[in-house]
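In what follows, a structure is listed as structure tokens, so that the remarks can point back to it.
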Amino acid sequence: MKSPRFKYVRPNSLDQAIGLLSEFGDEARVLAGGQSLMPTLNMRLSHPEILIDINNLEDLKGISLQGDFVRIGALVRHVEVMESSVIREELPLIAEAIPHVAHVAVRNRGTFGGSIALADPAAEMPACALALNANFLLKGPRGTREIEAEKFFYGLYETAIEPDEILVAALLPRIKSGEIFAFTELARRQGDFAQAGVACKARISGQIIEQIRLVYFGSEVKPTLGNNMMTVLKGQRWSDSLVESNSSQLDTDLDPIQNLHGSSSLKLHLQKVLTKRVVHAVMEKAGSI
């Protein structure tokens with residue numbers, strides 16, 4: 001199919017792009033990598049009055065160190081993230097997860113900010129950003145604001161971005177001494193949509209789990225913290241049966257959606273299996289097992 005008719009503008013400044021969003025509101029769509037937008041246009045699931053191509057905006061590009069944070073511009077391609085030495089050294093969770101993002105052709109054009117802004121429930125980067133306690137920079141006609149990842153993801157494809165705002169960058173805390181990360185997901189083949197997945201940040205002392213942060217994706221309508229499971233595991237000594245004996249905590253933490261990738265009960269089961277795997281991985285990386 002062919003896309004519907006629309007106006008096309010390629011602004012040369014962030015302020016110009018924001019002005020267009022303010023003028024057209026819900027009738028505007030922002031084009032970055034286009035890996036999600038173009039299919040919806042061609043299938044006529046999206047009917048914008050105007051398409052705002054932000055690929056010229058230098059303010060949205062680049063990976064850099066800013067104090068205790070790594071700044072990833074919204075226009076940074078997934079392949080840039082994958083090849084970045086800064087990401088490998090400072091954000092090992094992102095480095096571990098990025099090869100699972102779609103396939104090569106999509107990673108070559110798709111953007112980090114596009115993944116965050118779309119908030120696909122099966123996407124890896126929103127889950128990793130939440131696991132890392134990232135902050136997101138948004139700019140609109142009222143100025144710039146910074147919002148925590150925990151307050152950013154609302155629901156299915158819903159975020160805190162207002163219709164006249166643009167995601168400028170993500171600020172992700174640099175790795176601290178003693179932090180350990182692990183990532184795992186299940187998909188029919190690597191690069192396909194995840195049926196279930198977990199991103200984990202932990203601090204281990206000997207065989208004791210001092211701190212742990214578990215974020216689930218692929219099964220929920222948004223990246224979701226496993227609060228009850230995290231509370232139960234904190235302070236516990238590792239054993240092969242630790243996670244399995246507490247797996248019922250996920251019954252209240254998660255509310256899986258049923259779709260083409262599996263039933264609710266299947267996804268809940270998969271997340272319990274992946275939780276055991278990801279906790280085992282962080283303990284192994286800590287040299288505690």
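Surrounding CD of Glu162 are more than 12 heavy atoms belonging to other residues, nucleotides or ligands, all under 6.0 Å away. Within 6.0 Å of the NZ atom in Lys234, the count of heavy atoms belonging to other residues, nucleotides or ligands does not exceed 12. The environment of CZ in Phe24 is crowded: more than 12 heavy-atom neighbours from other residues, nucleotides or ligands sit within 6.0 Å.
Side-chain atoms of Val70 and Arg174, non-hydrogen and from C-beta on, do get closer than 4.5 Å to each other. Within the 4.5 Å cutoff, side-chain heavy atoms of Pro48 are placed close to those of Leu41. In this structure, the side chains of Tyr216 and Leu274 stay at 4.5 Å or more apart for every pair of heavy atoms. You'll find the side chain of Thr111 stays beyond 4.5 Å of the side chain of Gln35, heavy atoms only. Using a 4.5 Å cut-off on side-chain heavy atoms (C-beta onward), Ile161 and Phe152 make contact. Using a 4.5 Å heavy-atom threshold, the side chains of Asp120 and Ser36 count as separate. Looking at Phe153 and Ile116, their side chains come closer than 4.5 Å, going by heavy atoms from C-beta outward. Taking 4.5 Å as the limit, every side-chain heavy atom of Val106 sits out of range of all side-chain heavy atoms of Val101.
Interatomic distance, CD1 of Ile54 versus OG of Ser13, reported as 12.5 Å (0.5 Å rounding). Here CD1 of Ile98 is found 11.0 Å from CG of Leu91. Values are rounded to the nearest 0.5 Å. Summarising the geometry, atom CZ belonging to Arg71 is positioned 13.0 Å from atom CG belonging to Asn135; distances are rounded to the nearest 0.5 Å. Here Arg188 contributes atom CZ and Gln195 contributes atom CD; the two are 5.0 Å apart, rounded to the nearest 0.5 Å. Taking CG of Asp68 as the reference point, atom CG of Leu172 lies at 13.0 Å (rounded to 0.5 Å). One finds the CG atom of Leu250 at 8.5 Å from the CG atom of Asn228 (value rounded to the nearest 0.5 Å).
Of the possible polar contacts, one joining the Ser239 side chain to the Leu242 backbone as a donor-acceptor pair under 3.5 Å is found. In terms of modelled atom types and a separation under 3.5 Å, the side chain of Arg29 and the main chain of His47 share no donor-acceptor contact. No donor-acceptor pair closer than 3.5 Å links the side chain of Arg88 to the backbone N or O of Ala95. In this structure, Glu158 contributes its side chain and Lys222 its backbone to no donor-acceptor pair below 3.5 Å. No donor-acceptor pair under 3.5 Å is formed between the side chain of Arg237 and the backbone N or O of Gly206. At least one donor-acceptor pair closer than 3.5 Å links the side chain of Lys267 to the backbone N or O of Ile257. Side chain of Ser247 to main chain of Val243: no donor-acceptor pair is present (N/O by atom type, distance under 3.5 Å, no hydrogens or angles).
For the pair Asn55 and Ala32, the tightest heavy-atom approach, listed with the atom from each and the gap, is ND2-O, 2.9 Å. The minimum heavy-atom distance linking Glu96 with Ala182 is given by the pair OE1-CA, 3.7 Å. Of all heavy-atom pairs spanning Lys201 and Ala131, the tightest one is CE-O, 3.8 Å. Nearest heavy atom pair, residue Ile204 against residue Ala286, reads CB-CB, 3.8 Å. Considering every non-hydrogen atom in both Ala97 and Cys128, the closest pair reads CB-SG, 3.5 Å. In terms of heavy atoms, Pro173 sits closest to Leu171 at CD-O, 4.0 Å.
Under the 4.5 Å side-chain heavy-atom criterion for grouping Ile, Leu, Val, Met, Phe, Trp and Tyr, Leu268 is connected to Val278 within one hydrophobic cluster. A chain of hydrophobic side-chain contacts below 4.5 Å, direct or via other Ile, Leu, Val, Met, Phe, Trp or Tyr residues, connects Ile18 to Ile52. Met229 and Val273 fall into different hydrophobic clusters, where Ile, Leu, Val, Met, Phe, Trp and Tyr side chains are chained together by heavy-atom contacts under 4.5 Å. Residue Leu137 is grouped with residue Leu21 when hydrophobic side chains (ILVMFWY) are merged at heavy-atom distances under 4.5 angstrom, including chains of intermediate members. Phe69 and Val86 fall into different hydrophobic clusters, defined by Ile, Leu, Val, Met, Phe, Trp and Tyr side-chain heavy atoms under 4.5 Å apart, directly or through other members.
Here Glu23 does not pair with Lys7 in a salt bridge; the nearest charged N to carboxylate O distance is not below 4.0 Å. Under the 4.0 Å criterion applied to side-chain N and carboxylate O atoms, Lys272 and Asp251 are assigned as salt-bridge partners.
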Please lay out, stage by stage, how Ile50 and Glu27 fare under the test side-chain contact (heavy atoms from CB on, under 4.5 Å). CA-CA 7 Å; Ile50 185 171; Glu27 297 303 316; 5.7 Å; no

Hey, mind stepping through Met38 and Leu31 against side-chain contact (heavy atoms from CB on, under 4.5 Å) and telling me if it holds? CA-CA 9 Å; Met38 299 312 294; Leu31 173 64; 4.2 Å; yes

Let me see the working for Ile94 and Glu124 under side-chain contact (heavy atoms from CB on, under 4.5 Å), right down to the final yes or no. CA-CA 9 Å; Ile94 299 292; Glu124 294 83 2; over 6 Å; no

Could you go step by step and tell me if Ile209 and Val279 meet the side-chain contact (heavy atoms from CB on, under 4.5 Å) rule? CA-CA 9 Å; Ile209 302 172; Val279 175; 4.2 Å; yes

Begin with the C-alpha distance, continue with both residues' side-chain angles, and end with the deciding distance and a verdict on salt bridge (Lys or Arg N to Asp or Glu O under 4.0 Å) for Arg142 and Asp164. CA-CA 9 Å; Arg142 296 164 297 283; Asp164 56 0; 2.9 Å; yes

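Applying the ring pair (Phe, Tyr, Trp, His ring centres under 6.0 Å) test to every pair with at least one member in residues 78-110, sequence neighbours left out, gives these pairs: His100-Phe183.
A side chain to side chain contact (heavy atoms under 4.5 Å, CB included) with Phe112 is found for exactly one of Arg77, Glu80, Met125, namely Met125.
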